[in-house]
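For reference, positions follow the sequence shown, starting with 1.
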Amino acid sequence: MEKSTSEKVISEEKSMAETATRTSRALPEIKEQQVPVIQSKMSIDEVLTYLYFSGVIIFSLAFFIQLMLILAKVTSLQSLKDGKYRIVELVKDEAPYSFWTLIFINPTKYEPETYEQILAHEKIHIDQTHFVDKLLVEIILIAFWFNPFVWLFRKAITNNLEFLTDQSMLTQGFPKQTYQLSLLKVS
């Protein structure tokens, strides 16, 4: 005799129940083997960590390259000694700047009076060790590159150092109007 549909369904359910029971008895053996699970997605913490350290590496490399460029200019360009200062004569059209006891300036770009005022300005930066402040700000920037306030802090420090230098220039007796004109020429 042929089984009815309901009997077939009941028979299949019994068969599935028996299979499930056998499988559940085998599961403890599978659990004991501890198969490693491969995660295909990174957590947000991992992504942010990689992003942070990528930024640190990029800004560290940029800082290192800047230092190497300064070293390359010192070794490849003509320079002259002026007391404790060393004046490196730039050949390209760059704004004057100083680092440590080095003054970088293109002497052909300025009139003698403006040139002397720029040298005096850069010597004040050196005497007041402003390069230390700038190095510390750059290190802070490398560590906290993602923070917009650090970028504003860097700009504020730079502006403050320029203000202190300009103040010192005026207290040393440089004529205010002549110095302002020199600043305009340099900018």
Side-chain angles (χ1 to χ4, degrees), residues 12-13 15-77 79 86 88-106 109 118 121-168 183-184 186-187:
E12 286 179 15
E13 287 178 357
S15 171
M16 289 173 59
E18 288 174 4
T19 306
T21 306
R22 277 187 255 128
T23 305
S24 65
R25 288 183 190 146
L27 280 177
E29 295 173 16
I30 294 172
K31 286 181 182 177
E32 291 175 10
Q33 292 177 356
Q34 295 183 358
V35 178
V37 178
I38 299 172
Q39 289 183 339
S40 61
K41 294 184 180 180
M42 293 186 347
S43 71
I44 189 74
D45 291 340
E46 291 172 326
V47 170
L48 291 176
T49 301
Y50 285 124
L51 183 64
Y52 170 75
F53 284 110
S54 296
V56 168
I57 290 169
I58 289 168
F59 285 104
S60 296
L61 284 173
F63 179 68
F64 181 71
I65 289 169
Q66 287 176 342
L67 290 177
M68 291 298 105
L69 289 173
I70 288 173
L71 182 62
K73 287 178 184 177
V74 169
T75 57
S76 66
L77 297 175
S79 64
R86 186 171 172 191
V88 179
E89 296 179 348
L90 299 173
V91 290
K92 292 183 180 177
D93 189 19
E94 296 180 57
Y97 60 95
S98 59
F99 181 77
W100 208 274
T101 59
L102 304 167
I103 299 172
F104 297 86
I105 187 169
N106 184 342
K109 189 177 172 186
I118 293 171
H121 178 96
E122 296 303 330
K123 286 177 181 179
I124 291 171
H125 278 302
I126 292 169
D127 292 341
Q128 293 180 357
T129 60
H130 290 172
F131 69 91
V132 174
D133 298 327
K134 289 204 163 219
L135 285 175
L136 289 174
V137 168
E138 290 299 317
I139 290 168
I140 291 169
L141 184 71
I142 289 169
F144 300 105
W145 61 268
F146 56 90
N147 188 338
F149 293 109
V150 173
W151 292 90
L152 294 173
F153 178 68
R154 177 192 193 198
K155 185 168 181 60
I157 291 291
T158 302
N159 289 340
N160 188 48
L161 295 176
E162 288 302 322
F163 172 78
L164 291 171
T165 304
D166 294 341
Q167 190 74 21
S168 294
L183 289 176
L184 271 174
V186 171
S187 65

Note to self: Is it the case that over 12 heavy atoms from other parts of the model lie below 6.0 angstrom from the CH2 atom of W100?
What the structure shows: no

Item checked: F63, CZ atom: more than 12 neighbouring heavy atoms under 6.0 Å -> yes

Checklist line | Charged N-O contact under 4.0 Å between K109 and E94 | finding: no

Check whether any side-chain heavy atom of [X] lies under 4.5 Å from a side-chain heavy atom of [Y], and answer yes or no.
{"X": "F99", "Y": "L135", "result": "yes"}
{"X": "F153", "Y": "I157", "result": "yes"}
{"X": "I140", "Y": "V150", "result": "yes"}
{"X": "V91", "Y": "L77", "result": "yes"}
{"X": "Q167", "Y": "F163", "result": "yes"}
{"X": "R154", "Y": "K134", "result": "no"}

Say you draw a straight line from [atom1] of [X] to [atom2] of [Y]; how long is it, rounded to the nearest 0.5 Å?
{"X": "Y52", "Y": "F144", "atom1": "OH", "atom2": "CZ", "answer": "6.0 Å"}
{"X": "N159", "Y": "L164", "atom1": "CG", "atom2": "CG", "answer": "11.0 Å"}
{"X": "Q66", "Y": "E138", "atom1": "CD", "atom2": "CD", "answer": "6.0 Å"}
{"X": "I70", "Y": "I65", "atom1": "CD1", "atom2": "CD1", "answer": "12.5 Å"}
{"X": "L71", "Y": "T75", "atom1": "CG", "atom2": "OG1", "answer": "5.5 Å"}

Identify the two heavy atoms, one from [X] and one from [Y], that lie closest to each other, and give their separation to 0.1 Å.
{"X": "L102", "Y": "I126", "result": "O-CD1, 3.9 Å"}
{"X": "L161", "Y": "D133", "result": "CD2-OD2, 3.4 Å"}
{"X": "A95", "Y": "Y97", "result": "O-CD2, 3.3 Å"}

Next item on the list: Would you tell me whether R86 and S79 have side-chain atoms, one donor and one acceptor, within less than 3.5 Å of each other?
Entry: yes

Checklist line | Between T165 and H121: side-chain donor-acceptor atoms closer than 3.5 Å | finding: no

Check for a donor-acceptor pair, side chain of [X] on one end and backbone N or O of [Y] on the other, with a separation under 3.5 Å.
{"X": "E46", "Y": "S43", "answer": "yes"}
{"X": "Y50", "Y": "D45", "answer": "no"}
{"X": "E122", "Y": "S98", "answer": "yes"}
{"X": "W145", "Y": "I58", "answer": "no"}

Item checked: Trace of the side-chain contact (heavy atoms from CB on, under 4.5 Å) decision for K123 with I103 -> CA-CA 8 Å; K123 286 177 181 179; I103 299 172; 3.7 Å; yes

Notebook entry, point to check: Would L90 and K73 count as a side-chain contact (heavy atoms from CB on, under 4.5 Å) if you check the C-alpha gap in whole Å, the side-chain angles of each, and the deciding distance to 0.1 Å?
Noted result: CA-CA 8 Å; L90 299 173; K73 287 178 184 177; 4.1 Å; yes

